[in-house]
Amino acid sequence: MCPVSVGDRPGGLPGLRCARKETQAVGQAAASIKDMLEIMSMKDVVNSDFGDDELKYTLKRLVEGLGATREAARPGFSLALAQVLQAFEEIPLCSILEQIKEKHNLEKVKKKLVRNAAFGNFFGVMALFQSGRLVKDRKALLESIQLLQQLTNHQTHLRDLPRKTLIDITSEVPETVFEEVLFDILQGDLSSAFTSPENLHLLLVGMQKFPGVLKPKKLKKLFGSSTVVNKENVSRLVELLKSAAKSEKEDKKLPSVVFDLLQVALKEGAFELFWNEVVENGLLKEKSGPVSYMCYRLLGSALPLLSLEQLQVVLKGKVMLHYGEHVVATQSPQGFKFGAEMEGYIDTFLSGCDDPERQLAVMMGFSTLTNQGRPVLLSASRVVRHLQAGALQKYICWLKDMFLRPDLDCCLDFSSNRQKQNRQNADIAQQKIARLRRWIMHRLVNIIESATRKEESLVMDIARFCFFHAFFVAKKKNSQVAEASVLPSEPLNERDHMETENYFFGLLQTLNTLPVLGDTAKAAALREKHVHGVTADGKLWIFLLVEYANKLLSTEHVKAVKPFTKEQRDIWERTLQSVKNLQKKENKSDSAKVGAFQQLLLSVAIHLFKNQSETVEVLSDLLNCTEKAFSKEAKKKKTDSSEPGWVEVMVEILLSLLAQPSLLLRRISKSVFVWICPSLTKRGLQLILDVFDPNQEQNEESAVVVMEESNKKTKSAQDTDEEGSEDSSDEDNTDSEDEESEEVDDNFRSQLMKVLQGGNTLEEDKSDEELDDEAMMALDKNISALFAEQQKRIQAKKDEKDRMRKEKILRRDFKAKVLDLIDVFLVKQAESPLVFDIIEPLLQLIEQCMSSDSDKQEVDFLQKTASIFKNSLCRNKQYCKRVASLQEDVHALVQRLVKKACKHTDSAVALYYFSASLYLLKVLKGNTSSTAPPPEPEKQNDSKAKQACQLLNPGCLNVKKVAAVYQQALTQFLSKRNSPLTCSMFHDLFKRFPIMCKPLVDTLVEFITAAARQHQQAMACLLLHRVLLLHELKLFVTEEEWEQLITRSISQVTQCLKTLGKPIMKAEKEKVAKSLELLNFLLKTVKGQKLSVELAEVEEVLLTLQQLEDIGSSPRLDSLYWNVMRWLNHTKPKKEKTATKPSQGAEPLKRKKKGFLPETKKRKNRKKGTQENGVEAGEDGEAAPEEQPLGTQTPKNKKGLVPGASKKHPDRESRENGVAKAGGGDLPTADGGDAVADKKKKKRKRKNRKRKGAAGDEAEQVPATKKTKGNVQETQQKQDKAKKKRKVKQAPVVQE
């Protein structure tokens, strides 16, 4: 048992600090004890005399620490003492126990330290017990038990810790020790077992641990009965268990005494009496949350201990019914849900139980606990993974039988109060059956996903069962079809078929991702290859289901829910034949490609049973495309340009399937698209890109269709799209009420006026009151009709707006799915020239998203698009290697992208365009030109020569043409006021393509002085500096060109520095910094490479800069300046420290104190004001603003926030440095301002001391009850001292 600190911990920040200290204390103690013991053992080996003194001191300190004031320290000292006693067995435990009693004597200790002493004794016994030696030392054991019995009187501080520790120690001792040593001491506690839960727990532990001592005869002598669980003790046991439940409610666990009582009841053969009388008829009648939860936990904990007959009794009892009502009643998010905890109990039982019958009984028991037919147990519960194979098979058979012949009488059914009020007796039975069947079908589908001990036959059995009852009905019993051998007792209605249909398509998705089952070598090999959706012999699961469907179509005694027409049957037969042909080609061609097309054909074909009219046309086109994709003639023969090829048709089919709500079809569509990517044409790619074209959204042939809400209500939970659903993408409905409150339009106003004028048959000067009743009724009727029409128009507008919103959401989701196809193409076909056609549409899509709404879905779509552009396109290491014939087009594309980047106002969008141009540069440079072969290095083994050769080779890149494009962009960046281009864009260009440095470096040198603005000159210096730092630049220039470049650069920087004004403005400082950084590198290069460059002009300009005060006052500029001057043999002069003595008349300078604000930053004293001549004195002796007349105060004056307006101390306004003003006269003081300032400083010091004292008190973490008296005395003493100081300070002012 780990020692813990018990007590009321202070709340708030001190409590958090205490918790951190507790964690640190225990961690540090555990880490340092081991080191301490190692040191002590080493020193003991070296010098035996040293060990005794060290041990005595250690034990003394540890015993003192057991009763430390800080609660976090006590467990650490207890753990340390236990380790020491365990390491040094020669230390007698009795002596340590005597030291503990003497140090923490409960009789002699002061009243305020009783709590610390009680914990000191308790943790001392804990240390002896944790050392492992207490059980062996009988004397120490006896004294420890007696001490724990004494500590039970201090329940205020220790609560039930002594009792629990006593029980733990008792459970560890041998039976002989218990009988000879402890029994006599504990006899009083054992005889009073029914007085408290702790005593009862002690008795129960003794009966289980020492059955030879606590025999029935001895029990009868102790408390009058030979058994614990009997009819006489039922009422006492109920009260004790209630008390135990309420004491453990915060821990949310089953009290140990309850579980031990259950075990004793089983041992005594009185389980039925215990469960029926104590639990169901006793505890459940207590309408208390803790007692009810204790009963639920007892039910879950009892499962592993009960026999099959006892399980059946418990699972049909009142506790189960009470638990079901609790689960249904706590559906709200605020309520405590016990369902997950009960599922944990079931999971523990099933994982540890080897008896299939008991497993089956528990699963059936919880599956028959129903709320109006629907079981309380979750249909997606994963506890079935622990079922044995036999139990799982029987459980599935029971579920299928309950689906066909629902037996509501065997269910433990209940209804909530609300359901009882809304009960409809006519349909209640049918409703229960429908709810039960829906749960069973979901349970069967989930078993395939959750169960671990499943076989192929079991999976196929469930799949056939779901398929049959989704799409077929048995006319009469048929032994050839297992699913038709038993007819449903209640026929399935249309809604039942629809629900089963949705669950079946969810099952198809599960089968498509199911790993290969079986223990054969072939199955293991397929699992290693991560093959999914096939059986051990390599057949697709969906193919087996299609074969089963074909068998059902040819069976006489079975009919389809939606019968096939002749055309649909022909397309079905054609599909099966096409699949068989593909299977023959599987060994000859790529098996993965064949498998993908098989899956697509079979998945679309099986949808014939769901949507026949829509599927026939798609399936017909798909069959034609499949035949052309695998035919040899289609590869040799080129189709007519006017007729769409099979790839284009295939793309249209895949796009239409992506718009379907079926997740299975969408996933298969993506896998098929992977295999048609190599055959994708420009027209096929354009069909995909048209989805993102905003001009194509209004096209009637668009693949996006707004689904009706009625079709989506029955969608299965398994078939929910993982990329997001409509519910998650609903926007804030902030404008839903706009239509109701919109202004009445002119048309409606004119119609209303006509109605009113038409109803007024009298003259205009007569009032409406003179109309007769018939005229009034006719007028009311016309007005009501007009308003009804207006309301319809408003509702129509509202519905249209809602429809547009949903259509927008669907289009966005569809675009996100199509975007996955683009991603697949860029990854799989990165070397295709069609990649160039994707760049501009992707950039336009990013630009469109940037300017659209900023809701979450738009942001997610933008991030996805940008990620594909960045990772799949720009950062892809593979790119097109066949650009020789497309050079002109690619160069034109580069020019367009750079121009668009320059024209944009948004820098973020311009960055994407610029990055795309850099990607094209990489493609052009990476391709070899057919006209100019790349130069070969002389030494092939020289890696540096190869690298230089690659850098010098332009490939297909027309450097002159591209340089002109980027030169225009660079000129705009360095001349235009608001350019979207940034410095990092050009730095990326120079770094990735050093071949572009030489053509553009002259522009950078020119704009050091030619740039129109200061920051642009700074950017020119920065870019030139980064270009010159590139080592690759020297590969493209000769030594003469390099020297000329350095010379021109120095000249330009010199001219730039000449233009500085006397006071350097804020905008010029950055330019000066960048210029000096560049000049530092240039001079370093000149000196290091010994270039012949004239530096006289530079030195002259720099010397003039030394006279500017702005450079010397800025540490950064000063450092950069002297770094440059160092290359010109100038060193920074050292500042001489001159100690100037103050004159006698001058006031000595006051040293600025560390940690205090300067005088100029100090706030004026708002509560205490001093006045001279009726005017308030300021902080520096200056006159404050005049007082305002009465009634003209500002709100700040009234609240006392301005000096002279204090409400708490109004008499302070009539005092001047401690002297009261008489009649408002003047006080002729020479140094009045200094006196006021000194007084305020001292007052601030006193306030700072008080703050530090308060912070120190808070950090000490001492209980407030222990420091109250001392704090009052200290506060009184401080106030007395402060009064004396004020009197002393006021005296000199009075004399003046």
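Because only heavy atoms are used, hydrogens play no part in the values below, and waters and symmetry mates are left out as well, while side chains stay in.
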Between Ile676 and Trp646, is there a side-chain heavy-atom distance shorter than 4.5 Å? yes

Please check if any side-chain donor atom of Glu847 sits under 3.5 Å from a side-chain acceptor atom of Tyr912, or the reverse. no

One pair to check against salt bridge (Lys or Arg N to Asp or Glu O under 4.0 Å): Arg569 and Glu573. What are the steps and the verdict? CA-CA 6 Å; Arg569 187 61 185 266; Glu573 297 291 343; 3.3 Å; yes

Is a side-chain donor-acceptor pair under 3.5 Å present for Asn446 with Ser450? yes

Distance in Å, Ile606 CD1 paired with Leu665 CG, rounded so as to fall on 0.5 Å steps: 10.5 Å

Worked check of side chain to side chain contact (heavy atoms under 4.5 Å, CB included) between Leu873 and Ile868: CA-CA 7 Å; Leu873 179 68; Ile868 292 173; over 6 Å; no

I'd like to know whether Val827 forms a side chain to side chain contact (heavy atoms under 4.5 Å, CB included) with Val824, so could you lay out the CA-CA distance, the side-chain angles of the two residues, the decisive distance to 0.1 Å, and finally the verdict. CA-CA 5 Å; Val827 173; Val824 168; over 6 Å; no

Pairwise distance CG(Leu508) to NE2(His607) - rounded to 0.5 angstrom: 8.0 Å

Min side-chain heavy-atom separation Arg667-Thr513 under 4.5 Å: yes

Cation over ring, Lys925 on Phe993, under 6.0 Å and within 45°? no

Short side-chain to backbone donor-acceptor contact, Thr626 and Leu622, under 3.5 Å: yes

Just verifying a value: how many Å separate Ile462 CD1 and Leu458 CG, rounded to the nearest 0.5 Å? 4.5 Å

Report yes if the distance between the aromatic ring centroids of Tyr548 and Phe468 is under 6.0 Å, otherwise no. no

Donor-acceptor contact below 3.5 Å, side chain Arg812 vs main chain Gln857: no

Show, in sequence, the C-alpha distance, side-chain angles and deciding distance for Phe471 and Phe504, and conclude whether the ring-ring contact (aromatic ring centres under 6.0 Å, His included) test is met. CA-CA 10 Å; Phe471 304 111; Phe504 170 74; 5.8 Å; yes

Would you say Ser671's side chain and Ile668's backbone share a donor-acceptor pair under 3.5 angstrom? yes

In Å, rounded to the nearest 0.5 Å, how long is the span from CG of Leu623 to CD1 of Ile571? 5.0 Å

Would Glu449 and Arg382 pass as an ion pair if we require N to O under 4.0 Å? no

Take Leu843 and Leu897 through the side chain to side chain contact (heavy atoms under 4.5 Å, CB included) test and state the conclusion after the steps. CA-CA 10 Å; Leu843 290 172; Leu897 292 175; 3.5 Å; yes

Side-chain heavy-atom pair Lys870, Arg875 within 4.5 angstrom cut-off: yes

After noting the C-alpha distance and the side-chain angles of Glu547 and Lys539, does the key distance pass the salt bridge (Lys or Arg N to Asp or Glu O under 4.0 Å) rule? CA-CA 11 Å; Glu547 283 186 332; Lys539 291 184 178 180; 5.3 Å; no

Is a side-chain donor-acceptor pair under 3.5 Å present for Thr681 with Glu648? yes

Side-chain heavy-atom pair Phe825, Leu834 within 4.5 angstrom cut-off: yes

For the residue pair Lys562 and Phe564, would you count it as a cation-pi contact if the rule is NZ or CZ under 6.0 angstrom from the ring centre and within 45 degrees of the ring axis? no

Residue Lys922 excluded, over 12 heavy atoms near NZ under 6.0 Å: yes

Tell me whether Gln568 contacts the main-chain N or O of Leu608 through its side chain, where contact means a donor paired with an acceptor under 3.5 Å. no

Would you call the rings of Tyr503 and His442 parallel, tilted or perpendicular, taking 30° and 60° as the class edges? parallel

Trace of the salt bridge (Lys or Arg N to Asp or Glu O under 4.0 Å) decision for Lys806 with Asp802: CA-CA 6 Å; Lys806 291 180 179 178; Asp802 189 53; 3.4 Å; yes

In a check of ring-ring contact (aromatic ring centres under 6.0 Å, His included) between Phe597 and each of Trp675, Phe673, Phe630, which one passes? Phe630

NZ/NE/NH1/NH2 to OD/OE distance under 4.0 Å, Asp823 and Lys864: no

Can you tell whether the side chains of Glu831 and Arg882 come within less than 4.0 Å, N to carboxylate O? no

Does Lys522 come within less than 4.0 Å of Asp537, counting only side-chain N to carboxylate O? no

Do Phe472 and Phe467 have ring centres separated by under 6.0 Å? yes

Looking at Glu455, I want to see if its CD is surrounded by more than 12 non-hydrogen atoms of other residues, nucleotides or ligands under 6.0 Å. no

Test side chain to side chain contact (heavy atoms under 4.5 Å, CB included) on Lys899 and Gln895 and set out the steps. CA-CA 6 Å; Lys899 286 185 177 180; Gln895 187 175 4; 3.3 Å; yes

Ion pair check, Lys856 and Asp860, cut-off under 4.0 Å: yes

Determine the minimum heavy-atom distance between Leu689 and Pro841, stating which atoms define it. CD1-CG, 3.9 Å

Are Asp813 and Lys817 within salt-bridge range, i.e. N to O under 4.0 Å? no

